[in-house]
Amino acid sequence: QDAGQDDDAVRLLVDAEDWAGLVSLITFAAPAAVAAARGQTVLRWIERVPWGLQERDPWLLYWRAVCRSPVNLTEGRRDAERAFRIFRQVRERTGALLSWAAAVSAYVHEAEDLAPLDAYLAELEPLLADGAGFPSPETELVVTTATLGALVLRQPANGRVHRWAERAAALVREVPEGEPRDLLALQLIAYRYWTGDLSEAHRLGETMEESLRRREAPPLTRTALRMLVTRLRWLTARPVELRAVEEAVRLARSHGLASH
């Protein structure tokens, strides 16, 4: 299961109809593959598993959700919701938290029917009630991102929103650079904007832009940040660079994120 040999291993396991081995390989290799922007490769692996097994295995459903969501939020959300129900039934806490975050994030980004977020926010309390903390820093990162987004959009008067925002700010300072941190930072910038703290929102945006200049990042992240920072510059009477706006629009169009 060394890097670069996963595709060959998948083919061998499919030829042998070793479905248990294939599921094991996918769940082992998926985190690194998704982090390396190979989500569609992982989705192809999952599609080689018989459909019935895909629908029963919560980890396959979770990774299918992660890989589908960038291109089809609704399908990704449905997979995440199904995974969450199974993980909850079998009391698998890490899987439940990750799939909870995937489902909630999908609702937040769809921004259509937000009513189900009330039930999901209530479901989070029992998962965190035992005082055990998060099973990993990565899990805390995605759960915090999803929770802050859900509270801001659906329950802005909830007293917990400020506590989650402060934890988000601490995580943005503490965790290494990368897409999960970028997504949390974007959510925190939106929160500061929503609360009227425009100067802090702008400072966070400028810091994040400097970080993105040093490394690769998904086009959607760069575009969302550029548009947020541009709006914040305008609202705080700072100079707005037309070139930067045009670059954000170009990025969005070239990656199918805008039609005109």
Side-chain angles (χ1 to χ4, degrees), residues 1-110 112-113 116-117 119-120 123-124 126-127 134-136 138-143 145-146 150 178-180 183 218 220 255-256:
Q1 296 183 352
D2 293 337
Q5 297 181 337
D6 294 327
D7 287 323
D8 292 336
V10 167
R11 281 192 291 270
L12 289 171
L13 291 165
V14 170
D15 289 344
E17 297 187 1
D18 182 356
W19 307 125
L22 180 56
V23 170
S24 177
L25 170 64
I26 293 170
T27 54
F28 174 83
V34 169
R38 298 178 64 218
Q40 294 309 297
T41 297
V42 174
L43 186 57
R44 287 195 295 272
W45 296 344
I46 295 171
E47 288 170 347
R48 304 298 298 273
V49 178
W51 181 257
L53 181 53
Q54 288 185 45
E55 292 292 293
R56 293 193 305 272
D57 189 288
W59 282 112
L60 289 184
L61 285 166
Y62 168 70
W63 287 113
R64 200 169 75 182
V66 170
C67 298
R68 278 178 161 179
S69 290
V71 294
N72 191 319
L73 271 172
T74 301
E75 287 188 1
R77 172 175 54 76
R78 289 171 180 163
D79 286 341
E81 290 182 304
R82 183 168 174 78
F84 175 66
R85 288 194 295 270
I86 298 173
F87 279 129
R88 190 178 52 184
Q89 288 168 1
V90 300
R91 300 182 181 276
E92 211 311 316
R93 187 165 173 268
T94 298
L97 285 166
L98 289 171
S99 54
W100 181 94
V104 168
S105 292
Y107 275 113
V108 168
H109 289 107
E110 283 178 310
E112 294 176 356
D113 181 11
L117 289 175
Y120 272 100
E123 292 272 13
L124 182 61
L127 291 172
F134 289 94
S136 69
E138 295 78 14
T139 303
E140 182 177 13
L141 206 59
V142 297
V143 170
T145 302
E179 186 178 3
L183 295 175
L220 182 57
H255 291 86

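The structure displayed is predicted, hence computed values, not measured ones.
- Remark: Glu123 engages Arg88 in a side-chain hydrogen bond (donor to acceptor under 3.5 Å, both in side chains) (not counting sequence neighbours).
- The side-chain contact (heavy atoms from CB on, under 4.5 Å) check on Ile86 picks up Pro58, Leu61, Arg82, with sequence neighbours excluded.
- Take Thr41 and apply the side-chain hydrogen bond (donor to acceptor under 3.5 Å, both in side chains) test, not counting sequence neighbours, and it matches Arg44.
- Judged as a side-chain hydrogen bond (donor to acceptor under 3.5 Å, both in side chains), and not counting sequence neighbours, Arg56 has no contacts.
- Here the CG-CD distance, from Leu97 to Glu138, works out to 13.0 Å after rounding to the nearest 0.5 Å.
- Under the side-chain hydrogen bond (donor to acceptor under 3.5 Å, both in side chains) criterion, Arg85 pairs with no residue, sequence neighbours left out.
- Between the side chain of Glu179 and the backbone N or O of Ala35, no donor-acceptor pair lies under 3.5 Å.
- When all heavy atoms of Ala30 and Val42 are compared, the closest pair comes out as CB-CG1, 4.0 Å.
- Minimum heavy-atom separation, Ala106 to Leu73: CA-CD2, 3.9 Å.
- Of all the heavy atoms in Ala80 and Ala65, the pair that sits closest is N-CB, 3.5 Å.
- Judged as a side-chain contact (heavy atoms from CB on, under 4.5 Å), and not counting sequence neighbours, the contacts of Leu13 are Asp18, Leu22, Leu25.
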If you apply the rule side-chain contact (heavy atoms from CB on, under 4.5 Å), what do you find for Trp63 with Trp45, and how did you get there?
CA-CA 11 Å; Trp63 287 113; Trp45 296 344; over 6 Å; no
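- Asp15 meets the side-chain contact (heavy atoms from CB on, under 4.5 Å) test with no other residue; sequence neighbours excluded.
- Side-chain N or O atoms of Gln54 include none that pairs as donor or acceptor with a backbone N or O of Leu60 at under 3.5 Å.
- Classified by interplanar angle (parallel below 30°, tilted 30° to 60°, perpendicular above 60°), the ring pair Phe87/Trp59 is perpendicular.
- Applying the salt bridge (Lys or Arg N to Asp or Glu O under 4.0 Å) definition to pairs two or more places apart or across chains, those involving residues 63-73 are Glu55-Arg64, Arg64-Asp79, Arg68-Glu75, Arg68-Asp79.
- The nearest pair of heavy atoms linking Ser24 to Thr27 is O-OG1, 3.1 Å.
- Thr145 places a side-chain N or O within donor-acceptor distance of the main-chain N or O of Leu141, the cut-off being under 3.5 Å.
- Between the CG atom in Asp57 and the OH atom in Tyr62 there is a gap of 13.5 Å [rounded to 0.5 Å].
- The residues Arg38 and Asp7 are annotated as salt-bridged, a charged nitrogen and a carboxylate oxygen being separated by less than 4.0 angstrom.
- For residues 94-107, the set of pairs meeting the side chain to side chain donor-acceptor pair (under 3.5 Å) definition, not counting sequence neighbours, comprises Arg77-Tyr107, Glu81-Tyr107.
- The backbone N or O of Val14 lies less than 3.5 Å from no partner atom in the side chain of Arg48, so there is not a single donor-acceptor pair.
- Residues passing the salt bridge (charged side-chain N to carboxylate O under 4.0 Å, His left out) test with Glu47, sequence neighbours excluded: none.
- Annotation: salt bridge (Lys or Arg N to Asp or Glu O under 4.0 Å) contacts involving residues 99-108, sequence neighbours excluded, are absent.
- Annotation: side-chain contact (heavy atoms from CB on, under 4.5 Å) contacts of Ala150 (sequence neighbours excluded): Val104, Val108, Leu117, Leu121.
- In terms of heavy atoms, Cys67 sits closest to Val71 at O-CG2, 4.5 Å.
- Arg93 approaches Leu127 most closely through the heavy-atom pair NE-O, 2.9 Å.
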